[in-house]
Amino acid sequence: MSRHVAIVTDSTAHLPKRAMRQHDITAVPLTVVLGDRALEEGTEISARSVAEALQKRRPVTTSRPSPEEFAATYREVAAAGASGIVSLHLSSELSGTYDAAVLAARSAPVPVRVVDTGMIAMALGFCALAAAEAAAAGASVDEAVAAAEKRAEGTSAYFYVDTLDYLRRGGRIGTAQALFGSALAVKPLLQLQGGRIEPLEKVRTAAKAIARLEELAVERAAAVGSADIAVHHLAAEEKATALAERLRGRVPALGEMHVSEVGAVIGAHTGPGLLAVVVSAGLGPA
């Protein structure tokens, strides 16, 4: 049995299944509670189902994995041959997932480093990929953590949402911040900053907001040089695809490009119409 450093993350990283298989990354699922049903993200409920429920004003909440779920995952990964585990998770400012992983790590059969990346969606996913690539090259636990942290430092995420109401309801943005976008005909742009979702700019129309989202991504990609980009959406596939195509034409040193609908957990807090761009300093095309 070969000994290696294993990478664990959570379902909000929204990594493509192909990438998870290729890099041997394990994701622990968060849960979406739809009415009186608790459903695992990624296997039992889709983001589109969440969007439909929100549009019908049905109650939708989310919950973190339990420490026991993390403990079981750590045992399974160790039994498969891991000599150590790097467990990378979404911002602790947005979820208690990190805390649950920390509790589980105390009883794990191999050393576990739990990292609060301060990220979410593919901003977290890119960190997991960086750690997995380092581990595959023979890195130690500490070296894999350093690779993930370096990737996080070079990663930015920008969001357009039709309304801040879903973020306010879920406690992911304060009432005062929600007022930022409450004026008639004002569309909010947000950014991930210090592990929190913070208001960035107010734009008068949806079209102008999406155009500004594109400009922010291009500016950030130019600042980091070679960049990997992810475009996320919820029930806005056509707009996301068009945005990704424009970015392909405007970012000369483009590495990977991912276009995907967000997971059910993120969708529950952002609502339909979300467009998000993650720009991460990368190695460029292989």
Considering all heavy atoms, the nearest [X]-[Y] contact:
| X | Y | result |
| --- | --- | --- |
| S156 | R220 | OG-NE, 3.0 Å |
| L90 | S95 | CD1-CB, 3.7 Å |
| A82 | A6 | CB-CB, 3.7 Å |
| S91 | G195 | OG-O, 2.7 Å |

Please check this pair: side chain of [X] against backbone of [Y], looking for a donor-acceptor N/O pair closer than 3.5 Å.
| X | Y | value |
| --- | --- | --- |
| T9 | L88 | yes |
| E41 | P29 | no |
| S11 | L30 | yes |

| task | Any chance you could measure L234, atom CG, to R48, atom CZ, to the nearest 0.5 Å? | result | 7.0 Å

| Spatial distance of atom OG (S46) from atom CD (E52) [nearest 0.5 Å] | 7.0 Å

Does the side chain of [X] reach to within under 4.5 Å of the side chain of [Y], using non-hydrogen atoms?
| X | Y | result |
| --- | --- | --- |
| V110 | S83 | no |
| K187 | T205 | no |
| I229 | V277 | yes |
| I25 | L129 | yes |
| K239 | I210 | yes |
| P272 | D162 | no |
| H14 | I266 | no |
| E261 | E237 | no |

| request: Report the residue from M257, R151, M122 that forms a side chain to side chain contact (heavy atoms under 4.5 Å, CB included) with D228. | output: R151

For a quick check under 3.5 Å, do [X] and [Y] share a side-chain donor-acceptor pair by atom type?
| X | Y | result |
| --- | --- | --- |
| H89 | T117 | no |
| D142 | S140 | no |
| D116 | S92 | yes |
| S66 | E69 | yes |

| Which residues share a salt bridge (charged side-chain N to carboxylate O under 4.0 Å, His left out) with E245, sequence neighbours left out | R248

| Mind checking what makes salt bridge (charged side-chain N to carboxylate O under 4.0 Å, His left out) contact with E215, not counting sequence neighbours? | R250

For the hydrophobic clusters of this structure (ILVMFWY residues joined by side-chain heavy atoms under 4.5 Å, transitively), does one cluster hold both [X] and [Y]?
| X | Y | answer |
| --- | --- | --- |
| L254 | L213 | yes |
| Y158 | V218 | yes |
| V33 | L39 | no |

| said: Before you tell me yes or no, could you show the steps for H232 and S260 under side chain to side chain contact (heavy atoms under 4.5 Å, CB included), namely the whole-Å CA-CA distance, both residues' side-chain angles and the distance that decides it to 0.1 Å? | reply: CA-CA 5 Å; H232 292 306; S260 63; 3.2 Å; yes

| request: Go through the steps for L200 and F159 under the test side chain to side chain contact (heavy atoms under 4.5 Å, CB included), then give the verdict. | output: CA-CA 9 Å; L200 179 60; F159 309 85; over 6 Å; no

| query | L216 and L189: side chain to side chain contact (heavy atoms under 4.5 Å, CB included), yes or no, with the steps? | reply | CA-CA 10 Å; L216 288 166; L189 288 175; 4.3 Å; yes

